[in-house]
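For reference, the structure is listed below as structure tokens.
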Amino acid sequence: MLQIYNTLTRQKEIFKPINPGKISMYVCGITVYDYCHIGHARTSIAFDVIARFLRSQGWDLNYVHNITDIDDKIIRRANELNEKHDQLTARFIDAMHDDEQRLGILPPSVEPRATEFIGPIIELANTLVQKGHAYAANNGDVYYRVTSFPGYGKLSDKNVDELLAGARIEVGDVKEDPRDFVLWKAAKEGEPSWSSPWGNGRPGWHIECSAMAKKCCGDQVDIHGGGADLQFPHHENEIAQSEAANGHQYVNYWMHVAPLRVDGEKMSKSLNNFFTIRDVLEKYQPEVVRFFLISSHYRSPINYAEDNLIEARAGLDRFYTALRDYSDVLPASLSELADSDYYKAFVQAMNDDFNTRVALAGMFDLVRDLNNAKNNPEQARNLAGQLKALGLVLGVLQENPEVFLQAGGSNQIAAAEVEQLIVERIQAKKDKLYARADEIRKELLAAGVVLEDSRDGTTQWRREST
RNA sequence: GGCGCGAUAGCAAAGCGGUUAUGCUCUGGAUUGCAAAUCCAGCUAGUCCGGUUCGACUCCGGAUCGCGCCUCCA
């Protein structure tokens, strides 16, 4: 039985779909004015794992992951780079897809872009104006009237009155109330714009998600997710918009992924302490990064630190070492797994608010049993197939073990050179020249390569995680 | 200041009112020409102070510390 921690109620709840067997899941994506950082990767991977798991359990999942491709930062960056805004966004969308592919993130069911939903956005803004929840200011901006929505603050536990105290009042503000937020922004000279009942302009940030969720998922969404930093104001504003317009509950289960930290602080654009995905992948294998990010629960903050990445590689080393002799074994099918205790433990862990850490712990148990079963090839192959099947749900363990183990590390020495030294060493061993054999071992170890002799006289090698 | 989250062994990170989490590290043993890998065994826990309970790391209260949101942010 699937349980999900709901930010709205601050507790784990038994999941009940709106439509039997179906789940709609809307996840806030990225504003594409720069390369994605690994904080973005954390959220994307968390929901990728959730999507993979839900599908594996037979749910008919509609996973919507949007792209914000028009906003102030995009316009500013395009001006800085003297580039058209849509060229800029196209470039960074390509980069994002590239990063996602490398990290094993499967494409969502739908990937709507704000600029493709201008019509529905205007329609929604219009509805809100007509219902008295929004108003057009005299400069062509349209604002949401926060005090018109009684439930405002329910997601983030904010008190509307206290928000007034902290609200920023800008010079020349045309809002009725400092808490009001923009639905439609009048265009200045030269800015990209679309025509609307209020003149040329562009959508505000929050309304695009309300509009796209409505079009892609319907008026009510099963699961809506994103980074924890979107809880307020973004998701709070989405609720205000959608519930005021639709007249009923917008989202049943709100899920928020904890921030990734650097030196104990949140990694973010504004703090400028972020590492882009491509920077990180220069240094670590994609699967190592992915494994690191799923090694803790999605609601726990994790620290991006070298030691933790090395540990992730060490964990994967254990998995891939166990799978070494079974590169030809295919992941078991779900029907083959039905009676497996490992599978049951895995599903139980994942059903408990997607506890990947506990799921992995069970997979390590499976590794031990697999290593113990090496004298029973049939059983061993069966266990290897199970392990790969569980790995597939998490999006890991699908590489060829030798390829994985021989990649990464410092790469001080080429694979061909390693192979050559191994040939020389095997000859030395045959000649009982153990001093020479040990010398080669030491030399390679200094270059981060570990040799592993086997009983039949062959030698396997891998690169160390450091 | 308001709202919220967390504090677990050398490190990382989970569940659980009483029974081994797990991974890495470390120690001993098996194995190995030496190693590595693997297996077996073991060592290190629950920030502090109270309370509830036969019994608390687990529930309740308080303190301390850390973090997030309150402004664009996944």
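Below, chain A is the first sequence line, B the second, and so on; all start at residue 1.
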What's the closest nucleotide to the [X] side chain, out of [options]?
X	options	result
Trp205(A)	rC72(B), rG33(B), rU22(B)	rC72(B)
Asp157(A)	rA14(B), rG4(B), rA74(B)	rG4(B)
Leu163(A)	rU22(B), rC70(B), rA14(B)	rC70(B)
Asp453(A)	rU22(B), rG23(B), rC34(B)	rC34(B)
Thr43(A)	rA13(B), rA74(B), rC3(B)	rA74(B)

For nucleotides [N] and [M], find the distance between their [atom1] atoms and express it as a whole number of Å.
N	M	atom1	answer
rC73(B)	rA37(B)	C1'	45 Å
rU47(B)	rC57(B)	P	10 Å
rG10(B)	rG6(B)	P	24 Å
rG18(B)	rG55(B)	P	14 Å
rU64(B)	rC26(B)	C1'	32 Å

(message) Holding to side-chain contact (heavy atoms from CB on, under 4.5 Å), I want the full list of residues that pass it with Ser109(A), two or more places apart in sequence or in another chain.
(response) Arg55(A), Asn62(A), Tyr63(A)
(request) For the residue pair Thr458(A) and Ser454(A), confirm or rule out a side-chain donor-acceptor distance under 3.5 Å. (result) yes
Ring centre gap for [X] and [Y] strictly below 6.0 Å:
X	Y	value
Tyr33(A)	Phe92(A)	no
His235(A)	His256(A)	yes
Tyr284(A)	Phe292(A)	no
His65(A)	Phe47(A)	no
Phe275(A)	His37(A)	no

Counting the atoms with a prime plus P, OP1 and OP2 as sugar-phosphate, which does [X] contact under 4.0 Å by heavy atoms, base, sugar-phosphate, or nothing?
X	value
Leu451(A)	base
Phe364(A)	sugar-phosphate
Asp307(A)	nothing
Arg299(A)	nothing
Arg425(A)	base
Ser454(A)	nothing
Gly39(A)	base
Ser268(A)	base
Val450(A)	sugar-phosphate
Gly29(A)	sugar-phosphate
Met363(A)	nothing

Go ahead and name the base partner of [N]; Watson-Crick or wobble counts if both distances stay under 3.5 Å, otherwise write none.
N	result
rU32(B)	none
rC5(B)	rG66(B)
rG15(B)	none

(message) Parallel, tilted or perpendicular, judged at 30° and 60°: which one describes the rings of Phe15(A) and Tyr253(A)?
(response) tilted
(request) Take the angle between the ring planes of His234(A) and Trp205(A) and call it parallel below 30°, perpendicular above 60°, tilted in between. (result) parallel
Is it possible for you to check whether [X] lies under 6.0 Å from the centre of the six-membered ring of [Y], through NZ or CZ, and within 45° of that ring's axis?
X	Y	result
Lys269(A)	Phe274(A)	yes
Lys158(A)	Phe232(A)	yes
Arg313(A)	Phe404(A)	yes

Measuring to OP1 and OP2 of [N], would you say a side-chain N or O of [X] lies under 4.0 angstrom away?
X	N	answer
Trp461(A)	rA37(B)	no
Arg318(A)	rU25(B)	no
Thr31(A)	rC73(B)	no
Arg462(A)	rA37(B)	yes

Calculate the interatomic distance between [X] atom [atom1] and [N] atom [atom2]; express it in whole Å.
X	N	atom1	atom2	answer
Glu238(A)	rC73(B)	CD	P	11 Å
Leu445(A)	rA37(B)	CG	C1'	14 Å
Lys154(A)	rG4(B)	NZ	P	18 Å
Glu452(A)	rA37(B)	CD	P	7 Å
Leu164(A)	rG1(B)	CG	C1'	15 Å
Ile74(A)	rC72(B)	CD1	P	16 Å
Gln406(A)	rA36(B)	CD	C1'	14 Å
Glu311(A)	rU25(B)	CD	P	9 Å

(message) I need the residues from residues 367-387 of chain A with at least one non-hydrogen atom less than 4.0 Å from RNA chain B; give them sorted by number, or say none.
(response) Arg368(A), Asn371(A), Asn372(A)
(request) Give a yes or no on this: more than 12 heavy atoms of other residues, nucleotides or ligands lie within 6.0 Å of atom CD of Glu419(A). (result) yes
(message) Once salt bridge (charged side-chain N to carboxylate O under 4.0 Å, His left out) is applied, what residue pairs with a partner in residues 355-374 of chain A remain, sequence neighbours excluded?
(response) Asp365(A)-Arg368(A)
For nucleotides 15-20 of chain B, which of its nitrogen or oxygen atoms have a protein nitrogen or oxygen under 3.5 Å away, and what is each distance?
none

(request) Tell me, please, which residues at least two apart from Glu83(A) pass salt bridge (charged side-chain N to carboxylate O under 4.0 Å, His left out). (result) Arg91(A)
(message) Quick check on RNA chain B: between Ala314(A) and His37(A), whose nearest nucleotide comes earlier from the 5' end?
(response) Ala314(A)
(request) Starting from the 5' end of RNA chain B, give me the residue, Thr321(A) or His40(A), whose nearest nucleotide shows up first. (result) Thr321(A)
Atom pairs under 3.5 Å, N or O on each side, protein against nucleotides 66-69 of chain B: can you list them with distances?
residue: rC67(B); atom: O2'; partner: Arg261(A); partner atom: NE; Å: 3.4
residue: rC67(B); atom: O2'; partner: Arg261(A); partner atom: NH2; Å: 2.5
residue: rG68(B); atom: OP1; partner: Lys266(A); partner atom: N; Å: 3.2
residue: rC69(B); atom: OP1; partner: Lys266(A); partner atom: NZ; Å: 2.6
residue: rC69(B); atom: O2; partner: Lys158(A); partner atom: NZ; Å: 3.1

